[in-house]
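Worksheet for the structure shown next.
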Amino acid sequence: MNNQVIGADNAGLRPEDLAGLRESLREQRLFREEQLRQIAAPSQTRAERIRGRQSASQLEVHVKLAASARMVLSDVEAALQRMVQGRYGRCHLCAQPIALARLKIVPQARYCGRCHQLREAGR
């Protein structure tokens with residue numbers, strides 16, 4: 001993927017902040033890709049699987065972990081794309097800048113803290 005910043009806005013974040021956030025997103029992408037590889041790798045021997053030792057609950061946990069990892073990976077990829085487009089760091093609901101402190105914790109955040117709380121409260 002092209003990492004050149006096309007757009008000029010990126011919520012007014014400084015270039016050094018963007019560089020650090022981009023690196024965090026790349027690390028998160030690598031972590032999630034590795035997590036998905038490990039989840040997909042057979043964790044038991046063929047004989048153990050044949051004997052049915054892996055319980056339904058263990059399979060369910062693996063399925064949920066994989067779904068969560070895929071979701072976060074998708075969010076990370078979308079954040080990197082927003083960065084390239086110059087749309088990174090703006091709330092998808094109110095269009096206000098997302099606080100740098102929040103982005104440092106959740107660099108793939110789509111919503112400012114206020115809008116995130118409103119969305120969570122509405123669940």
Side-chain angles (χ1 to χ4, degrees):
M1 172 168 62
N2 182 351
N3 290 318
Q4 296 294 324
V5 177
I6 296 169
D9 184 39
N10 280 318
L13 292 166
R14 298 179 319 191
E16 58 270 22
D17 292 330
L18 278 172
L21 292 164
R22 184 179 297 111
E23 184 59 28
S24 292
L25 287 164
R26 288 177 178 161
E27 288 173 10
Q28 181 71 251
R29 178 174 52 195
L30 291 173
F31 173 79
R32 295 302 174 173
E33 289 170 344
E34 179 59 26
Q35 185 181 30
L36 285 167
R37 276 191 290 278
Q38 289 179 6
I39 290 170
S43 60
Q44 296 180 319
T45 67
R46 185 171 182 268
E48 288 172 326
R49 284 193 307 273
I50 290 170
R51 287 188 298 242
R53 287 194 176 172
Q54 189 168 24
S55 70
S57 62
Q58 287 174 317
L59 289 172
E60 184 178 346
V61 167
H62 275 73
V63 167
K64 288 183 179 185
L65 280 173
S68 177
R70 281 191 297 275
M71 184 179 71
V72 173
L73 181 58
S74 175
D75 289 347
V76 166
E77 293 291 352
L80 287 166
Q81 188 60 37
R82 288 192 304 276
M83 212 176 257
V84 168
Q85 295 168 343
R87 299 182 303 112
Y88 179 79
R90 290 223 172 258
C91 179
H92 284 203
L93 290 178
C94 70
Q96 293 299 308
I98 300 171
L100 179 59
R102 175 164 168 70
L103 290 171
K104 285 182 176 181
I105 295 168
V106 185
Q108 69 271 24
R110 295 175 188 256
Y111 306 104
C112 67
R114 182 182 159 276
C115 289
H116 177 75
Q117 287 178 341
L118 290 172
R119 284 181 52 86
E120 289 297 311
R123 286 186 175 198

To the closest 0.5 Å, what do you measure between CD (E60) and CG (L65)? 10.5 Å
Indicate the atoms forming the closest heavy-atom contact of R90 with A95, along with that distance. NH1-O, 3.0 Å
Compare all side-chain heavy atoms of L13 with those of L103 and state whether any distance is below 4.5 angstrom. yes
If you define the side chain from C-beta out and look only at heavy atoms, does anything of R82 sit under 4.5 Å from H92? yes
Heavy atoms only: give me the nearest L36-A66 pair and the separation to one decimal. CD2-O, 3.6 Å
Return yes if a side-chain donor-acceptor contact under 3.5 Å exists between Q81 and E77, otherwise no. no
L73 versus R29: any side-chain heavy-atom pair under 4.5 Å? yes
Could you give the distance from OH (Y88) to CD (Q108), rounded to the nearest 0.5 Å? 8.0 Å
Minimum heavy-atom distance C91-I98, with the two atoms named: N-CG1, 3.7 Å
Quick check against the 3.5 Å criterion: does Y111 have a side-chain atom that pairs as donor or acceptor with the backbone of Q117? no
side-chain hydrogen bond (donor to acceptor under 3.5 Å, both in side chains) partners for E16, two or more places apart: R14
Mark yes or no for whether R32, through its side chain, and M71, through its backbone, hold a donor-acceptor pair below 3.5 Å. no
Joint hydrophobic cluster, M83 plus V106, side-chain heavy atoms closer than 4.5 Å: no
Say you draw a straight line from CG of L93 to NE2 of H116; how long is it, rounded to the nearest 0.5 Å? 11.5 Å
Are side-chain heavy atoms of V76 and F31 found at a separation under 4.5 Å? no
Quick check: do Q35 and I39 have side-chain heavy atoms less than 4.5 Å from each other? yes
Determine, using the 4.5 Å side-chain heavy-atom cutoff (strictly less than), whether L21 and V72 are members of one ILVMFWY cluster. yes
Is R114 close to Q96 at the side-chain level, that is, under 4.5 Å between some pair of heavy atoms? no
In the structure I gave you, are the side-chain heavy atoms of E34 and L30 within less than 4.5 Å of one another anywhere? no
Quick check for you: to the nearest 0.5 Å, what is the distance between L100 atom CG and I105 atom CD1? 10.0 Å
Working to the nearest 0.5 angstrom, can you tell me the gap between C112 SG and L118 CG? 8.0 Å
